[in-house]
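Data block below; observations after.
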Amino acid sequence: MRGEASVLHLDLDAFFAAVEQRDKPSLRGKPVVVGGVGGRGVVSTASYEARVYGVRSAMSTREARARCPHAAFLSGRFHAYRDTSERVMRLLRDVSPLVEPLSLDEAFVDLARSDLDDLSVPSVTAFAERLRERVVEATGGLTASVGVGTSKFIAKVASDLDKPDGLVVVAPGTEQDLLRPMPVRVIPGVGPATAERLRRVGVHTVADLEQISEEEMVRLLGKASGHWLYSLARARDDRPVVAEREAKSVSVEGTYDTDLTDRRLMESLLTRQAGEVSGRLRKHGLSGRTVTIKVRLHDFTTLNRSTTLGSPTDSPATIARLARSLLADLDTSGGVRLLGVGVSGLADWVQEDLFGETAEEEVEELPEVEVPHHSRRTWAPGMDVVHTEMGRGWVWGSGRGVVTVRFETAETPAGPVRSYAMDDPELSPWRPPESTDETGSPPPA
DNA sequence: TCTGGGGTCCTAGGACCC
DNA sequence: TCTGGGGTCCTAGGACCC
């Protein structure tokens, strides 16, 4: 904990929804919900107009629709959020070289490293107000809530106190008075499970928590959490603002609207995800030794299976092969709602072949072909199965009057493929696409 | 048809080594 | 009848955060 209030926490208000309202004036002043729009989607951000109806982050979109049917439900435009976020982060770095982003919409700023010499409360307050104005200018109208205090913990608590569009500076020395009446949930790391454990021993507020001895706390919550909570209950927090943090894992996962039961489809999905993970690893010049799959069963039990290689990999084929073999040991007969692939144990070196030869590996791409249709039905990517002369395949994507079908094996039939006689009467016979380089390649003839 | 996706950190047990 | 002990790595699960 510092002598002056020199840690600033900035949080953009209802960030994703605010970007949508900024970019689409018709949404301004109206309830906007950004999140998964599918059958199993959850709310990522609700605008304040939607919050009036009780719509909250992490709520299922189904429930959000029930509470606020007239809201605009949007699936999100991440490039727009990233662009806006970068503008804000750039502005913050302009203020201090020590900026620690926590997510797209949140960051700590170390004011002790800024140009601001006078760290008195009035000086810091004026500085933070000016910063909030600059955020509005830089983002085209988005507001931020800001908290300033003697530690990260206090700054973060403070930024929450006057949302949205607020500023709270906690004067040094007043931290404990501020915290004591607050519920234990204000402490970062105290979630529903920890709060429940504490409730059972009669601890509801930070003041209650302060009465618990360190030994008792460790007994109750384990070594790390126990010591940590003991300190935070006394507003003791010396964590520095850290600008750069290295990624420890990269993963891709997906929840499907209907439970998966077909193993080959699961393998195909894992293969695709492995390709995405590999792409992101390579983009950042990373490779990792541990490949993990995540499988959430129909009853929401979640299984992780991992395997560790002798040396790091970023190869899509290797990640995919390991992922599929990890899946092979699991019983998925009850149905699977989520599949994911991740790589951890990241090594920060770009993989290089010692013999000067780069092994080019490709994902085992399965043939895909676009099939026109004249149906009004909704095709479910990954779920709808079609049968063709070429074999069985899944609907992999859909556009206007066309579905992409992905075949279940990499083996293609001999001879030119002229038509696909879909079992589904709503699918038209296949015609060769005009150009093969835009929409994925047709199966080799 | 309750319950996302991308992460981080912690715990606990077993293997293995010295 | 004896079966230490510490350190590290790996795996699996869970809590938590935004």
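Proteins come first, then strands; the chains are lettered A, B, ... in the order of their sequence lines, and each starts at number 1.
The separation between A:L297 atom CG and B:dT1 atom P is 19 Å, rounded to whole Å. For the pair A:L286 CG and B:dG7 C1', the interatomic distance rounds to 14 Å; values are reported in whole Å. The NZ-C1' distance, from A:K294 to B:dT8, rounds to 12 Å in whole Å. A straight line from CH2 of A:W228 to P of B:dT8 spans 17 Å, rounded to a whole angstrom. Between the P atom of B:dT8 and the CG atom of A:N304 lies a distance of 14 Å, rounded to the nearest Å. Per the geometry, CG belonging to A:L346 stands 8 Å off P belonging to B:dT8, to the nearest Å. Whole-Å rounding puts the A:H298 NE2 to B:dT3 C1' distance at 15 Å. When the C1' atom of B:dT1 is taken as reference, atom CG of A:D299 falls 14 Å away, rounded to whole Å.
No side-chain N or O of A:S145 forms a donor-acceptor pair with one of A:S159 less than 3.5 Å apart. Checking A:E4 against A:T150 by side-chain atom types alone, no donor-acceptor pair falls below 3.5 Å. When only modelled atom types and interatomic distance are considered, A:T143 and A:D13 share a side-chain donor-acceptor pair under 3.5 Å. A:Y230 and A:E210 share no donor-acceptor pair across their side chains, judged by distance under 3.5 Å alone. Judged purely by distance below 3.5 Å, without hydrogens or angles, the side chains of A:S311 and A:R289 never pair a donor atom with an acceptor atom.
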Please evaluate residues A:L116 and A:V124 with respect to the criterion side-chain contact (heavy atoms from CB on, under 4.5 Å), reporting the C-alpha separation (whole Å), side-chain torsions for both, the decisive distance (0.1 Å), and the verdict. CA-CA 8 Å; A:L116 188 67; A:V124 162; 4.1 Å; yes
Hey, mind stepping through A:K294 and A:E253 against salt bridge (Lys or Arg N to Asp or Glu O under 4.0 Å) and telling me if it holds? CA-CA 8 Å; A:K294 178 169 165 184; A:E253 65 184 54; 3.1 Å; yes
For a side-chain hydrogen bond (donor to acceptor under 3.5 Å, both in side chains) check, start with the C-alpha distance between A:T205 and A:R180, then their side-chain angles and the critical distance, and finish with the verdict. CA-CA 7 Å; A:T205 64; A:R180 281 195 184 105; over 6 Å; no
Hey, mind stepping through A:S47 and A:E49 against side-chain hydrogen bond (donor to acceptor under 3.5 Å, both in side chains) and telling me if it holds? CA-CA 5 Å; A:S47 72; A:E49 296 86 351; 2.9 Å; yes
Could you check A:R305 against A:L330 for side-chain contact (heavy atoms from CB on, under 4.5 Å), going step by step and ending with a plain yes or no? CA-CA 9 Å; A:R305 291 296 179 269; A:L330 297 178; 3.6 Å; yes
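Contacts between residues 138-146 of chain A and DNA chain B, counted as heavy-atom distances below 4.0 Å, involve no residue at all. Within residues 190-203 of chain A, the residues approaching DNA chain C are A:V190, A:G191, A:P192, A:A193, A:T194, by heavy-atom distance under 4.0 Å. Residues from residues 75-110 of chain A with heavy atoms under 4.0 angstrom of DNA chain C, sorted by number: A:S103, A:D105, A:E106.
A:R65 forms a cation-pi arrangement with A:F73, by the criterion of a distance under 6.0 Å to the ring centre and an angle within 45° of the ring axis. Figure legend: cation-pi geometry between A:R51 and A:Y53 absent, as NZ or CZ is not positioned both under 6.0 Å from the six-membered ring centre and within 45° of its axis.
Within the nucleic acid shown, A:G36 has no heavy atom closer than 4.0 Å to any nucleic acid atom. Base contact: A:R337 has a heavy atom under 4.0 Å from a base atom. Across all strands shown, A:G38 has no heavy atoms under 4.0 Å from either base or sugar-phosphate atoms. The residue A:T307 sits close only to the backbone: its heavy atoms come under 4.0 Å of sugar-phosphate atoms, none of a base.
Within the 4.0 Å cut-off from OP1 or OP2 of B:dG5, at least one side-chain nitrogen or oxygen of A:T255 is found. OP1 and OP2 of B:dT3 both lie 4.0 Å or more from every side-chain N or O belonging to A:R62. The phosphate of C:dC17 (OP1 or OP2) has no side-chain N or O of A:K152 nearer than 4.0 angstrom.
Remark: DNA chain C takes part in the stems B:5-18 with C:5-18, each of 3 or more antiparallel Watson-Crick or G-U pairs, criterion distances under 3.5 Å.
Taking all atoms of both residues into account, the shortest heavy-atom contact from A:P316 to A:G275 is CB-CA, 4.2 Å.
Side-chain contact check for A:E267 versus A:L265: every heavy-atom pair is 4.5 Å or farther apart.
For A:D262 and A:R264, the salt-bridge test fails: no basic side-chain N is under 4.0 Å from an acidic carboxylate O. The pair A:E137-A:R134 does not meet the salt-bridge criterion, since no charged nitrogen lies less than 4.0 angstrom from a carboxylate oxygen.
Checking B:dT3, C:dC18, B:dG6 against the side-chain heavy atoms of A:K156 singles out C:dC18 as nearest. For A:S251, the listed nucleotide lying nearest its side chain is B:dG7; candidates were B:dG4, B:dT3, B:dG7. Taking only side-chain atoms of A:A58, from C-beta outward, the nucleotide of C:dC17, B:dG7, B:dG4 with the closest atom is B:dG4.
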Distance-only check: which donor-acceptor pairs under 3.5 Å involve side-chain atoms of residues 39-46 of chain A, not counting sequence neighbours?
{"residue": "A:R40", "atom": "NH1", "partner": "A:Y256", "partner atom": "O", "Å": "2.7"}
{"residue": "A:R40", "atom": "NH1", "partner": "A:D259", "partner atom": "OD1", "Å": "2.9"}
{"residue": "A:R40", "atom": "NH2", "partner": "A:D259", "partner atom": "OD1", "Å": "2.9"}

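Checking A:S249 against A:R296, the closest nucleotide of DNA chain B that is more toward the 5' end is the one next to A:R296.
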What string of B, S and - do you get for nucleotides 9-16 of chain B, 5' to 3', when a contact is any protein heavy atom under 4.0 Å? SSS-----
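Look at the P atom in both C:dC2 and B:dC16: the space between them is 27 Å, to the nearest Å.
Atom CZ of A:R77 sits in a crowded spot, with more than 12 heavy atoms from other residues, nucleotides or ligands closer than 6.0 Å.
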